[in-house]
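Remember, it's 1-based here, ligands and their atoms both numbered in the order they're listed.
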Amino acid sequence: MPSFPAHAVAPVFDEAGYRMNPDVGRSVDVAVDLPIANESKAAMPNAARTDRAVPSTRTEATLAARLAAAFAESLIGTIVFDAKGRPVAMNAAFERLWGATLADVPTAYSILEDTQLKRAGMLDDIHRVFDGESVRLSPLQYDMQAAMGCGQGRSTQAHLYPVRGFSGDVEHVVVMHFDVALHPSRESAPDRIVGQAARLQTLSDALSTASTMNQVADAVVMHAPAVFGAAGTVIAQLTGDGRYLEIVRAGAMPEDVEEAWRRFPVSSPVPMADVARSGEALFLESREDWVARYPQLLPVLERTGQHANAVMPLVVDGRVLGVLGAAFGAPNVFDDEDRAVARAVALQCAQALERARLFEAEREAREEAEAANRAKAQFLAVMSHELRTPLNAIGGYAELIEMGIRGPVTPEQCEDLRRIRVSQRHLLGLINEVLNYAKVETGAVHYDLSDVNVRDALRAAEALVAPQAHAKAIPLTVGDCPRELAVRADTEKLRQILVNLLGNAIKFSTRDGRIDLAWEASGEYVRIHVSDAGIGIPPHKLGAIFEPFVQVRSDLTRTADGVGLGLAISRDLARAMGGDITVESSPGTGSRFTLLLPAAKS
Ligand code: ADP
């Protein structure tokens, strides 16, 4: 008889309703606590339940012997682990079920680190048992050979119970294995429908939050077996050229089998490939079904302990993306309802996979576009920099000649030189703007944030654009601003934005126009409005004007200067400081640009 801790096995029979003898009563767990003093027993809930006399040592011995016999002779394969997850006892039914004995278990083995259970996503549940909860695991196909180097694959459902010692700590964990090949689901029909709806919902919830291929695969492998009542599921996808099937994830498939079938031609005479080619679901209800269609695969079945399988195509818009397979450790009749559920699961799974594929494609495209944008900005930065040097030289030499340093200059030559210098300055201004944009885009701009007085900022910007406004005889008014109003910003960048907005307002105003610079403080933000009564912007262009190099009317702006970068730069700067720029406008009436910035905290 294997040695085992009597008090560990007792609750097994208690919980499962398997009692050796009605005389034993409910509280086998009190039986072995004879040396414990009365007050410490009172602290133990289990012990406190005992209203009978404390059993004598003889009773205890009898009880232990009976329990030992029950454990040894029980038809339920049972194994007991110590607190570190190492097996300390197994009964004959367990040995028969798995074809392994306690001596076969490698000394380093711990159920808390079991790789197959880990891959099936069950380790968290198992840890919960070691923390004191009872747990019933989903059916699982387990390969004892792979784990212990002996024994066989089986599909079982395990019930796990913690057993606390007198200190209250979990000292042992008892695991009872129900062979799902011998014990098909005991759920009644209504229970089954309700249970299946709940399990389907769990799967749907998991799929709806999965946004990558791996997350979809994890959700399927973790939750689909419970929906089907299967031992495990496998999900495979067709390669881009449609010639191979690749396993994305396999739950509870022996590692070597999974490795051997990781990628196989879609022309292979196997169920998954047949389903991928035909686009039709395939249900194999027993090994006889398998032998009739795929006799060459019998050894694989025996190796994995499978009896029945459901294989569904994953189809989106009439395109087969891959297949979903469910493996059963016992023969299984798939009635119409089972088949409908299987198809529903496959449909959800296919849609989730497609969604994940689109997400991934979109993310890749965005990353590529961002990389291209960065490359473009870098190119612009280098080019502008290179252009500035010769342009400065042109300006410098023109000035030298104009000043007569190189010899006498005629008045006509002087006028030509002046024009050269105006064009040179204009070109330099444009290039500086491009360089500025490139710097902002490549993130090379440094922001020196401080509390900036709004009144000072408005006045400084006004002073800078006043000559331009004056030249066009456009009145520019600045709203009264309380002394203490401040925003959190970089002074230079704020001035740059205001000058750009005011410059545009002047540029796009007609002679009888007017410009207002106003402010508004609300909550955590301050808004600065730049309003004009100029030409306005058509509604369909309102979004585009913030894009680089966009100008609404290039004929007008050509004469009015600019390359269409001012707003793109300004908005980037504003956003980098935690604000934004928005616009309202109507053609012929005017525009109002609003700069939003965080208010200073103090
Ligand atoms: P730029 O002024 O150099 O062309 P911006 O990025 O500053 O570039 O502006 C982009 C375009 O938005 C301008 O070309 C013009 O068509 C439009 N726009 C900007 N501000 C105004 C405004 N106040 N009134 C009318 N249109 C404007």
Side-chain angles (χ1 to χ4, degrees), residues 373 376-377 380 384 387 423 425-441 445 458 461-462 464-479 492-519 527-576 579-596:
N373 208 26
K376 183 187 72 187
L380 288 177
S384 325
L387 287 173
S423 297
R425 273 202 299 274
H426 176 64
L427 204 50
L428 196 61
L430 296 185
I431 288 171
N432 279 340
E433 206 170 332
V434 173
L435 190 61
N436 220 329
Y437 166 72
K439 270 200 201 145
V440 174
E441 279 297 292
V445 175
L458 298 188
E462 185 216 358
L464 284 172
V465 300
Q468 264 175 281
H470 190 70
K472 276 181 94 173
I474 299 170
L476 172 56
T477 54
V478 183
E492 271 310 307
K493 312 287 183 299
L494 172 56
R495 185 167 29 227
Q496 190 178 340
I497 296 170
L498 290 176
V499 166
N500 179 48
L501 295 180
L502 287 166
N504 278 349
I506 298 168
K507 198 156 63 175
F508 299 105
S509 282
T510 38
R511 288 224 160 244
D512 52 350
R514 50 168 290 125
I515 295 169
D516 287 314
L517 190 52
W519 62 273
R527 290 178 169 75
I528 299 173
H529 304 292
V530 178
S531 316
D532 66 57
I535 61 170
I537 302 158
H540 67 281
K541 290 281 187 183
L542 281 179
I545 56 169
F546 291 99
E547 299 302 322
F549 304 107
V550 170
Q551 297 181 314
V552 175
R553 282 179 55 196
S554 50
D555 53 337
L556 191 122
T557 36
R558 280 288 153 260
T559 53
D561 255 357
V563 281
L565 285 177
L567 287 177
I569 295 173
S570 297
R571 193 174 64 172
D572 280 354
L573 292 177
R575 287 185 174 175
D580 205 354
I581 297 184
T582 53
V583 60
E584 298 150 68
S585 183
S586 66
T589 310
S591 313
R592 184 169 90 147
F593 283 83
T594 300
L595 166 64
L596 176 86

Number the atoms of ligand 1 from 1 as they appear, then name those within less than 4.0 Å of a heavy atom of [X], with their elements.
| X | answer |
| --- | --- |
| L565 | 6 (O), 8 (O) |
| V552 | 14 (O), 16 (O) |
| V550 | 10 (C), 11 (C) |
| K507 | 1 (P), 2 (O), 3 (O) |

Does [X] have a heavy atom less than 4.0 Å from any atom of ligand 1?
| X | result |
| --- | --- |
| G564 | yes |
| K541 | no |
| F593 | yes |

Taking S585 for its side chain and I537 for its backbone only, find out whether a donor-acceptor pair lies under 3.5 Å.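 Side chain of S585 to backbone of I537: a pair is present.
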Can you list everything that forms a side-chain hydrogen bond (donor to acceptor under 3.5 Å, both in side chains) with T477? Sequence neighbours excluded, please. D516
Short N or O distance, G536 and ligand 1, threshold 3.5 Å exclusive: no
Going by distance only, is there an N or O of G566 that falls short of 3.5 Å from an N or O of ligand 1?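 Min N/O separation from ligand 1 is below 3.5 Å for G566.
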Can you tell me which residue pairs pass the salt bridge (Lys or Arg N to Asp or Glu O under 4.0 Å) test with a partner in residues 584-593, sequence neighbours excluded?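 Non-adjacent pairs meeting salt bridge (Lys or Arg N to Asp or Glu O under 4.0 Å): E584-R592.
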Which residue from V530, I545, N500 reaches closest to atom 12 (O) of ligand 1 through any of its heavy atoms?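 When every heavy atom of V530, I545, N500 is considered, I545 comes closest to atom 12 (O) of ligand 1.
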Among F508, Y437, F546, which one has a heavy atom closest to atom 24 (N) of ligand 1?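 Residue with the shortest heavy-atom distance to the ligand atom: F508.
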Any side-chain donor near an acceptor of the partner, K376 and N373, under 3.5 Å: yes
For R495 and L498, run side chain to side chain contact (heavy atoms under 4.5 Å, CB included): C-alpha distance rounded to whole Å, both residues' side-chain angles, the deciding distance at 0.1 Å, then the answer. CA-CA 5 Å; R495 185 167 29 227; L498 290 176; 5.8 Å; no
